[in-house]
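My structure is below; once you've seen it, I'll send some questions.
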Amino acid sequence: MDEFIQTTPRIILAIIIAIVISKPLEIKIFEKEINTVLLKEKNEMAVANKKQVANYFQSDLDKNKADIKEDK
């Protein structure tokens, strides 16, 4: 039991080092997959933003078209 108590700090340090090293390595290994998902989400957000802007100005567009028809 005395040996286990003496090795506890080394085990804890080894676990911390393993986590610190493994996370960046994991991100680097799956970089292509992560970038693909991020690009897909970015494109979906861009399309949603376009739709939102189009809907926002649709009433102004309809009003302007009606005004043009009245002027003719």
Is F30 reachable from I27 through a run of hydrophobic residues whose side-chain heavy atoms are each under 4.5 Å from the next?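 They do share one cluster, since a chain of ILVMFWY contacts under 4.5 Å joins I27 to F30.
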Got a list of side-chain donor-acceptor pairs under 3.5 Å for residues 2-21, not counting sequence neighbours?
unit_1, atom_1, unit_2, atom_2, d
T7, OG1, E3, O, 3.1
T7, OG1, F4, O, 3.0
T8, OG1, F4, O, 2.7

To the nearest 0.5 angstrom, please state how far the CG atom of N64 sits from the NZ atom of K69.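 Answer for the CG-NZ pair, N64 versus K69, is 12.5 Å.
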So does K51 get a backbone contact from the side chain of N55, meaning a donor-acceptor N/O pair under 3.5 Å?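 Looks like yes, one N/O pair under 3.5 Å.
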Establish whether I29 and L38 are linked, either directly or via other cluster members, by ILVMFWY side-chain heavy-atom contacts under 4.5 Å.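 In one cluster: yes.
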Kindly indicate whether the side chain of E31, heavy atoms from C-beta on, has any atom under 4.5 Å from the side chain of I34.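 No; the side chains remain at least 4.5 Å from each other.
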For E44, is the CD atom crowded, meaning more than 12 foreign heavy atoms sit under 6.0 Å from it?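 Yes, enclosed.
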Going by heavy atoms in the side chains, are E41 and V37 under 4.5 Å from each other?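 Side-chain contact under 4.5 Å: yes.
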Would you compute the distance between atom NZ of K40 and atom CE of M45 and round it to the nearest 0.5 angstrom?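 Answer rounded to 0.5 Å: 14.5 Å.
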